Amino acid sequence: MNKKEIRHNWTISELEEIYNEPFNDLLWSAHQLHRNYHDPNEVQISTLMSIKTGGCPEDCKYCSQSIKYDTNLEREKTLPLSEIINQAKKAKSHGATRFCMGAAWRNLTDNNLEKVIKMIKEVKKLNLETCVTLGMISIDQATKLKASGLDYYNHNLDTSEEYYSKVVTTRKYQDRLNTLECVRKAGIKVCCGGIIGLGESKLDRIKLIHVLGNLKEHPESVPINKLVKIKGTPFFENADVDEFDFIRIIALTRIVMPKSYVRLSAGRDSMNDQMQALCFFAGANSIFYGDELLTAKNASEIHDQLLLDKLKIRTV
Ligand code: SAM
Ligand code: DTB
Ligand code: SF4
């Protein structure tokens, strides 16, 4: 495959064939392609902050922040701007180049939009890239976010269209696609991926990558999350994800979207160093850095430093 072969016309059976190759062949193809488009010894780091925690009306069966489940999470109001700026400064001093702000909203209200615009403007002043994840937005709101300097909007499809209703019932797959289209039209970079471990089949995972890979433009950033099992949510007792299956999905994502950043996202605290190293070899080149994700624990900063040092991976 060469640089002319960034494709948007994948078939599901092609993806199945790639996914089912012998493990070493799959990893080797993914790694070679990875080297054609990226520095294999470099990982982009982003830091996450929850700017509004809990009380979300959606029923995503994996999420600690849904009001539908008793997860023992303390609901908070939107944090004040000063607190957000302090966290962004801290993230920058710890080496992050992108600051991602997440809110437990179903959709963005115009009142909250004004608050977020202020946050984006202030974070941009620190010379950090900005990313927000705020639920559904309209084209008008996306345009305003872009004008305020927003670089990325995160909005995950999570799984295949067929399995989606087993994960969320309060919105449709098409709602997610509509927001993604608004983000794209407004000229904001797209961060869109999914979660492995929702009880989905291998085919559902492949179908998710198929949808992402056949978007008119590939998302610039593709987070692959491993389910963080949250007590009180319907998915708390889900079976563990087979690690080789997880690595296969990272490799497939790299092959289908060669230029994109593939983020080894939530769930790293339950992966050992060797597993993470294989994910980096298979094409992952972005992580969340910082002791916390939104409400759950991340791999610790100290541990990440040691791991990246051992692997001689530079951060950008
Ligand atoms: N409310 C907004 C939304 O749903 O788009 C933004 C915040 S939401 C927490 C962002 C993403 O985090 C979700 O789309 C999901 O992919 C991921 N996520 C949430 N809880 C998770 C969990 N327990 N394990 C893995 N990923 C999770
Ligand atoms: C993404 O794909 N993963 C991040 C980010 N985008 C917003 C969120 C992970 C959340 C993990 C569970 C928690 O902290 O509550
Ligand atoms: Fe709400 Fe987002 Fe959690 Fe779903 S994933 S319950 S939309 S915060």
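Index from 1, following the sequence. Whatever order the structure lists them in is the order used to number ligands and atoms, beginning at 1. Because the structure is a prediction, the values reported are computed rather than measured.
Interatomic distance, SG of C100 versus CG of D151, reported as 10.0 Å (0.5 Å rounding). In this structure, CG in N36 is found 10.0 Å from NE2 in H31, a value given to the nearest 0.5 Å. One distance of note links CD of E129 with NZ of K124; it measures 6.5 Å at 0.5 Å rounding. Rounded to the nearest 0.5 Å, atoms OG1 (T47) and CZ (R98) are 11.0 Å apart. Annotation: the span from E17 atom CD to T11 atom OG1 amounts to 8.5 Å, rounded to 0.5 Å. One finds the CD atom of Q141 at 9.0 Å from the CD1 atom of I117 (value rounded to the nearest 0.5 Å).
Side-chain contact between V132 and F99: absent, with no pair of heavy atoms (C-beta onward) separated by less than 4.5 Å.
For the residue pair D269 / H303, no side-chain donor-acceptor distance below 3.5 Å is found, with atom types taken as modelled.
For atom 4 (C) of ligand 2, the closest heavy atom belonging to the protein is F288 CE1, 3.6 Å. The protein non-hydrogen atom at the shortest distance from atom 27 (C) of ligand 1 is I195 CD1, 3.7 Å. With respect to atom 3 (N) of ligand 2, the closest heavy atom belonging to the protein is N225 OD1, 2.9 Å. The protein heavy-atom contact nearest to atom 10 (C) of ligand 2 is L294 CD1, 4.2 Å. For atom 15 (O) of ligand 2, the nearest non-hydrogen atom of the protein is T295 OG1, 2.5 Å. Nearest protein neighbour of atom 12 (C) of ligand 2, counting heavy atoms only, is A296 CB, 4.0 Å.
Residues R184 and E220 are paired through a salt bridge, judged by an N-O separation under 4.0 Å between the basic side chain and the carboxylate. With respect to K229 and D240, a salt bridge is recorded, a charged nitrogen being found less than 4.0 Å from a carboxylate O.
For T233, no heavy-atom contact with ligand 1 is shorter than 4.0 Å. Heavy atoms of K52 found under 4.0 angstrom from ligand 3: none, in either backbone or side chain. The proximity of T133 to ligand 1, defined as any non-hydrogen pair under 4.0 Å, involves the side chain as well as the backbone.
In terms of polar-atom proximity, N156 is counted as a contact of ligand 1, with an N or O under 3.5 Å from an N or O of the ligand. For D158, a nitrogen or oxygen atom sits less than 3.5 Å from a nitrogen or oxygen atom of ligand 1, counting backbone and side chain alike.
Compare F235, Y62, F236 by their heavy atoms: the one nearest to atom 21 (C) of ligand 1 is in Y62. Of the candidates R176, R106, K226, it is R176 that places a heavy atom closest to atom 3 (C) of ligand 1.
At least one heavy atom of A103 sits less than 4.0 Å from an atom of ligand 1. Residue-ligand proximity: G102 is placed with every non-hydrogen atom at 4.0 Å or more from ligand 1.
Counting only protein N, O or S atoms closer than 2.8 Å to atom 3 (Fe) of ligand 3 gives 1.
Within the listing of ligand 1, atoms 9 (C) sit less than 4.0 angstrom from a heavy atom of L294. Distances below 4.0 Å separate heavy atoms of V228 from the following atoms of ligand 1: 22 (C), 23 (N), 24 (N), 25 (C). Of all atoms in ligand 2, numbered sequentially from 1 with element shown, those under 4.0 Å from a heavy atom of P223 are 2 (O). Within the listing of ligand 1, atoms 23 (N) sit less than 4.0 angstrom from a heavy atom of I230. With ligand atoms numbered from 1 in the order given, ligand 2 contributes 6 (N), 7 (C) to contacts under 4.0 Å with heavy atoms of N154. Heavy-atom proximity to T133, at under 4.0 Å, picks out these atoms of ligand 2: 7 (C). Counting the atoms of ligand 2 from 1 in the order shown, those under 4.0 Å from a heavy atom of S64 are 15 (O). Taking every non-hydrogen atom of G135 and a distance limit under 4.0 Å, the qualifying atoms of ligand 1 come out as 2 (C). For ligand 2, the atoms closer than 4.0 angstrom to any heavy atom of N156 are 1 (C), 2 (O). Distances below 4.0 Å separate heavy atoms of S265 from the following atoms of ligand 2: 1 (C), 2 (O), 3 (N).
Under the 4.5 Å side-chain contact rule for hydrophobic residues, Y289 and L294 do not share a cluster.
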I85/S82 under side chain to side chain contact (heavy atoms under 4.5 Å, CB included): CA gap, chis, key distance, verdict
CA-CA 5 Å; I85 302 311; S82 57; 5.8 Å; no
Before you tell me yes or no, could you show the steps for M119 and T78 under side chain to side chain contact (heavy atoms under 4.5 Å, CB included), namely the whole-Å CA-CA distance, both residues' side-chain angles and the distance that decides it to 0.1 Å?
CA-CA 11 Å; M119 295 171 194; T78 307; 3.9 Å; yes
Pair I137-N107, side chain to side chain contact (heavy atoms under 4.5 Å, CB included): steps then yes or no:
CA-CA 6 Å; I137 57 171; N107 58 279; over 6 Å; no
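For atom 7 (S) of ligand 3, the nearest protein heavy atom lies closer than 4.0 Å.
Proximity of the aromatic rings of Y164 and Y173 is defined here by a centroid distance below 6.0 angstrom, and this criterion is met.
Judged by the 6.0 Å and 45° rule, R268 forms no cation-pi pair with F288.
Under the 30°/60° scheme for interplanar angles, the aromatic rings of H8 and H218 are found to be tilted. Note: F23 and F244 have perpendicular aromatic rings, judged against thresholds of 30 and 60 degrees for the angle between ring planes.
The side-chain hydrogen bond (donor to acceptor under 3.5 Å, both in side chains) test with Y62 is passed by exactly one of T233, D158, N225: D158.
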